[in-house]
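The structure appears below as structure tokens.
Read the numbers this way: they start at 1 and go in the same order the structure lists the ligands and their atoms.
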Amino acid sequence: MTGFVVDALSGDHDRAGFSCGVDALDKYLQSQAGQDARRRIANCFVALAAGSKAVAGYYTLSATSIATPDLPETITRRLPRYPLVPAVLIGRLAVDQRYGGRGLGAALLFDAIRRCAAADAAVFAVVVDAKDERSVRFYEHHGFIRFGSRPLSLYLPMATAIALLGVDRSS
Ligand SMILES: CC(C)(COP(=O)(O)OP(=O)(O)OC[C@H]1O[C@@H](n2cnc3c(N)ncnc32)[C@H](O)[C@@H]1OP(=O)(O)O)[C@@H](O)C(=O)NCCC(=O)NCCS
């Protein structure tokens, strides 16, 4: 992510001018993200252009789980018969329109996956909640697979992510 640093959201960061084109995602960053982090509901990570405190993009991470029957048989036949498998949810991901189309969204997605791969708690897959069909296409473009039961939710098995992106616990 040349020219950007990614940091955990803090009071030092300027969020007031953030505008990704989806009002609910702007408002979340401006008024809810800090509270969710303090209450351990979701951690928020922000991209800042070098030398700037203004947020250029952000994503959130929370623990979640996947009901094993929501996964295809090609995956579950290699799993123990547990009802749930552990996952991390990227609940929100957004890039300020001023920085759109330059690879920042993809870089934030990779940063999120790298963090999940490095976590001490085991993570079987990364799950994303897309806002609409356009966002679904963004995630499909990066290898995510739709859940049959929830059309705006997608997952990427961590083993696939590690193979695709070359990330692992040491990177
Ligand atoms: C979706 C979003 C995060 C993309 O960020 P971005 O920085 O403009 O995207 P990037 O420049 O990193 O694009 C990376 C790749 O994804 C592709 N891409 C971007 N948006 C896409 C879409 N809607 N459908 C398919 N592919 C898409 C790009 O063409 C690019 O492809 P390439 O790597 O083959 O060149 C951004 O447009 C955004 O914040 N949108 C509003 C909020 C939103 O929809 N968030 C997502 C779900 S909550």
Look at [atom] and say which protein heavy atom is nearest, naming residue and atom and giving the distance to 0.1 Å.
atom: atom 30 (C) of ligand 1; answer: H141 NE2, 4.0 Å
atom: atom 39 (O) of ligand 1; answer: V95 N, 2.8 Å
atom: atom 20 (N) of ligand 1; answer: F138 CD1, 3.6 Å

- 4.0 Å protein heavy-atom contact status of atom 34 (O) of ligand 1, strictly under: yes

- atom 37 (O) of ligand 1 touched by protein heavy atom at under 4.0 Å: no

Atom indices of ligand 1, in the order listed, that fall short of 4.0 Å to a heavy atom of [X]:
X: A94; value: 39 (O)
X: G100; value: 8 (O)
X: A106; value: 12 (O), 14 (C)
X: R102; value: 11 (O)

- Query: Using 30° and 60° as the class limits, which term best fits the ring planes of Y28 and Y58: parallel, tilted or perpendicular?
  - Reply: parallel

Any idea which of [options] brings a heavy atom closest to [atom]?
atom: atom 6 (P) of ligand 1; options: S135, G91, G101; answer: G101
atom: atom 3 (C) of ligand 1; options: V22, T60, L93; answer: L93
atom: atom 10 (P) of ligand 1; options: A47, G103, A107; answer: G103

Using a 4.5 Å cut-off on heavy atoms from C-beta on, say whether the side chain of [Y] contacts that of [X].
X: D70; Y: R150; value: yes
X: L93; Y: V128; value: no
X: D111; Y: F4; value: no
X: H142; Y: L156; value: no
X: V126; Y: F144; value: yes
X: D36; Y: C44; value: no
X: V127; Y: V88; value: no
X: R92; Y: K131; value: no

- Per-residue contact class, L25 against ligand 1 - non-hydrogen pairs under 4.0 Å: side chain

- Looking only at heavy atoms, is any part of E140 under 4.0 Å from ligand 1, and if so is it the side chain, the backbone, or both, or is it neither? neither

Quick one: does [X] get an N or O within less than 3.5 Å of an N or O on ligand 1?
X: K131; value: no
X: G105; value: yes
X: R134; value: yes

- Message: Does this structure show an ion pair linking R134 with D132, if we count only N-O contacts that are shorter than 4.0 Å?
- Response: no

Quick check on [X] - does any of its heavy atoms sit under 4.0 Å from an atom of ligand 1?
X: R92; answer: no
X: C20; answer: yes
X: Q97; answer: no

- Task: Could you tell me whether the side chains of S153 and D129 share a donor-acceptor contact shorter than 3.5 Å?
- Result: yes

- Residues G21 and Q97: closest non-hydrogen pair is CA-NE2, 3.4 Å

